[in-house]
2 protein chains.
Amino acid sequence: MVQYKDIEKAYGTLSSIVHKTPLLTSRMFNEHSGNEVFLKAENLQRAGAFKIRGAYNKIYSLSPEERCRGVVAHSSGNHAQGVALAGQLLGVRVTVVMPKGSVPNKVEGAKSYGAKVVFSEDSSDAREQLAKQLKREHGYVPVPPFDDDDIIAGQGTVTVEISRQQSDLDYLFVPVGGGGLISGNAIAAKHLFPKIKVVGVETEPANDCYQTFRQKKIVRIAPPKTIADGMRTQAIGERNFEIIMKYVDDVITVTDDQVIAMMKFFAERMKVVVEPTGAVAPAAVFHNVARLSGKKAAAIISGGNVDPKFLKQIL
Amino acid sequence: MVQYKDIEKAYGTLSSIVHKTPLLTSRMFNEHSGNEVFLKAENLQRAGAFKIRGAYNKIYSLSPEERCRGVVAHSSGNHAQGVALAGQLLGVRVTVVMPKGSVPNKVEGAKSYGAKVVFSEDSSDAREQLAKQLKREHGYVPVPPFDDDDIIAGQGTVTVEISRQQSDLDYLFVPVGGGGLISGNAIAAKHLFPKIKVVGVETEPANDCYQTFRQKKIVRIAPPKTIADGMRTQAIGERNFEIIMKYVDDVITVTDDQVIAMMKFFAERMKVVVEPTGAVAPAAVFHNVARLSGKKAAAIISGGNVDPKFLKQIL
């Protein structure tokens, strides 16, 4: 299992690579929530999401021989862009498998960083199968989206940064897709803030981790229809399961409508563009799903890569 | 004339009141510009613009008797919101005169902070006259938008913050409406970065300061038609003129189309919502109007209070 020291090491690796994203605050957000809220703005991260952290840490850890073979990743979008950018920065050839229904600007993003994009059917299983096939055919090294120690350690650096921006926290809210982000950040949070409660957040249609957490075994759901494309993963990973069961205090859900209202508030009141998945954890605090009062709560805005057409609809 | 020590004092007054806004960077922005660019994100400031800085510093400096009388301000929008919020925080009654054509969410913003809003005709002269009338009738203390020492000192704190985020700069680009923001920041910049060049930026239709700077006397223009509503001021103030002639190195202009392209880049690539006036100084650097190369340049994003309908059009 990933240890805090792995995350600290990744933090060193990434320090000159990633943006130190701001921790945003808003009196209006606090008043609506009834808590003092700190929003970690990974939508302002390079390539528009936290994914560069894990992707860079993973590719950086490869041997020279592995780097020469090139890497393959499968992703609904942000992981693809993160791997593409990391590959570009480290001079490693990248192929990404993306579902046909991916947000167009996420596909363009991956291509703009020099990656080759291959399309699969829309389910997370389908894109995983295609990535495996490409690995066999071309010898590419896989860069998994979440079920990997180096990925988990890289994503956990978000909370190391938070701890340098805000020394006192009662709660940390993290969105859960495949579980990479929450795994790394739960480990970091419990080390850096000994009394903190870590809460995972999903949308209701994509509640596989919510079920997993309660049934204490990995639950796999049908490809969910949810506005939050980063949550369309059908099940969390093995490593993520172990870490979540050990370090996470609760998993809760928000509705797609709550996510949309949150995105609108972000754009109109806080002047930041947040993608649906990025608004999931903040929405839980904004709408106070966990019914807290007067707590210091951080929530991770995981990304900002929303289709401009969709943002238009919301405004 | 305002001295650097006045700005430093204002910085102390404001330290627990204003957000320390991030200095955003983007490789794509840098590549497009050909310079290393630091964007001071005052669109993420409280009430969505830098105006709270001057407004709070001004009202804070009033005597108890003046505070009891209440204040009046005239503004195309952001100054109104800044004064309204400052009044709310300091327990001072606020009346604001806004042109009929104001962006609706700026009017709503002022009202939401408890201000009374009175509408005038659209020219900056018309709203100034109405504010004077209300002052005579009700004894309100005026909070001028730019031609005032406390306002200038407050606005100058933006660059004090920048200097704590980035110690080395060759250029500072500042939007010019009435000249309050550039006055304070030119004084601060020349003190904190001895070799810095300070450049004012207007849109072409609103080029009164551009003309003023070249003719070395205050030029008053007809109410300009420009996308940047914060630039519709017809002339800079007396105090602002003196400071600009002493401390500013150049005044340049961008087109409305360059401003729109900048806003689109901000929303789609950098995930921040910027209003037209807020995009003016960055647009000069992005489109490299000043034809610099390899310089370290900061540009102030003055605000983010754009009408959501207009943002929709741009996307």
Side-chain angles (χ1 to χ4, degrees), chain A residues 17-31 39-49 52 81 85 88-89 103-106 108-109 112-113 165 263-275 278-279 301-315, chain B residues 17-31 39-49 52 81 85 88-89 103-106 108-109 112-113 165 263-275 278-279 301-315:
Chain A
I17 302 298
V18 303
H19 286 169
K20 182 173 173 172
T21 55
L23 204 56
L24 304 176
T25 59
S26 155
R27 267 79 175 173
M28 257 183 294
F29 193 117
N30 290 352
E31 279 167 24
L39 299 152
K40 182 62 171 169
E42 287 291 295
N43 55 324
L44 306 180
Q45 187 50 268
R46 292 183 76 174
I52 179 66
Q81 288 194 73
L85 174 56
Q88 188 181 57
L89 294 170
V103 176
N105 66 340
K106 292 188 180 183
E108 285 315 305
S112 77
Y113 298 123
Q165 295 167 306
M263 288 175 70
K264 203 168 147 67
F265 182 90
F266 274 133
E268 294 185 0
R269 310 303 317 218
M270 292 186 69
K271 322 300 178 197
V272 284
V273 174
V274 175
E275 65 182 275
I301 300 174
S302 55
N305 295 319
V306 59
D307 189 349
K309 278 184 204 148
F310 181 66
L311 184 62
K312 269 174 87 164
Q313 273 180 38
I314 281 177
L315 287 168
Chain B
I17 301 299
V18 303
H19 285 168
K20 181 172 173 171
T21 55
L23 204 56
L24 304 176
T25 59
S26 155
R27 268 78 175 173
M28 258 183 293
F29 194 117
N30 291 351
E31 279 167 24
L39 299 153
K40 182 62 171 169
E42 287 289 297
N43 56 324
L44 306 181
Q45 186 51 267
R46 292 184 75 173
I52 179 67
Q81 289 194 73
L85 174 56
Q88 187 182 57
L89 293 171
V103 176
N105 67 339
K106 292 188 180 184
E108 286 315 305
S112 77
Y113 297 122
Q165 296 167 307
M263 289 175 70
K264 202 167 148 67
F265 181 90
F266 275 133
E268 294 185 2
R269 309 304 316 218
M270 293 186 67
K271 321 302 176 195
V272 284
V273 174
V274 175
E275 64 181 274
I301 300 174
S302 55
N305 295 319
V306 58
D307 188 348
K309 278 184 206 150
F310 181 65
L311 185 61
K312 269 174 88 163
Q313 273 179 38
I314 281 176
L315 288 168

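Throughout, a chain's letter reflects where its sequence line sits, starting with A, and its residues are numbered from 1. Every heavy atom of this structure was used, including side-chain atoms; hydrogens, water molecules and symmetry mates were not.
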Report task. Quick one: which of B/S112, B/G303, B/A267 has the most heavy-atom pairs under 4.5 Å with chain A, could you say? Result ->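 Most pairs with chain A among the choices: B/A267.
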Query raised in the report: With chain A, which of B/E268, B/R27, B/M270, B/K264 has the greatest number of heavy-atom pairs at distances under 4.5 Å?
Result: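 Ranked by heavy-atom pairs under 4.5 Å with chain A, first place is B/R27.
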Query raised in the report: Do the ring planes of A/F265 and A/F29 sit parallel (below 30°), tilted (30 to 60°) or perpendicular (above 60°)?
Result: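 Because their plane-to-plane angle is over 60°, the rings of A/F265 and A/F29 count as perpendicular.
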Report task. Without swapping roles, check the side chain of B/Q165 against the backbone of B/T21 for a donor-acceptor pair under 3.5 Å. Result ->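 Pair found, side chain donor or acceptor close to backbone of B/T21.
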Requested in this report: Can you measure from OH (B/Y113) to CD1 (B/I52) and round to the nearest 0.5 angstrom?
Outcome: 8.0 Å
Query raised in the report: Pick from A/V306, A/V274, A/V272: which one has the most heavy-atom pairs with chain B under 4.5 Å?
Result: A/V272
Requested in this report: Would you mind checking which part of A/I314 comes under 4.5 Å of any heavy atom in chain B, side chain (CB onward), backbone (N, CA, C, O), both or neither?
Outcome: neither
Report summary line: Bottom line for A/D307: the part with an atom under 4.5 Å from chain B's heavy atoms is neither
Query raised in the report: Just wondering, more than 12 heavy atoms not from B/K309 lying within 6.0 Å of its NZ?
Result: no
Query raised in the report: Any side-chain heavy atom of B/L311 sitting closer than 4.5 Å to one from B/E275?
Result: no
Report task. Applying side chain to side chain contact (heavy atoms under 4.5 Å, CB included), run through A/V273 and B/V273 and close with a yes or a no. Result -> CA-CA 7 Å; A/V273 174; B/V273 174; 4.0 Å; yes
Report task. Only counting residues at least two apart or in another chain, list the ones meeting side-chain hydrogen bond (donor to acceptor under 3.5 Å, both in side chains) with A/T25. Result ->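 side-chain hydrogen bond (donor to acceptor under 3.5 Å, both in side chains) list for A/T25, sorted by chain: B/H19.
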Report summary line: For residues 39-46 of chain B against chain A, heavy atoms under 4.5 Å, the residues are B/N43, B/L44, B/R46
Query raised in the report: What are the two closest non-hydrogen atoms of B/G278 and B/S302, and how far apart are they?
Result: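 Minimum heavy-atom separation between B/G278 and B/S302: CA-OG, 3.3 Å.
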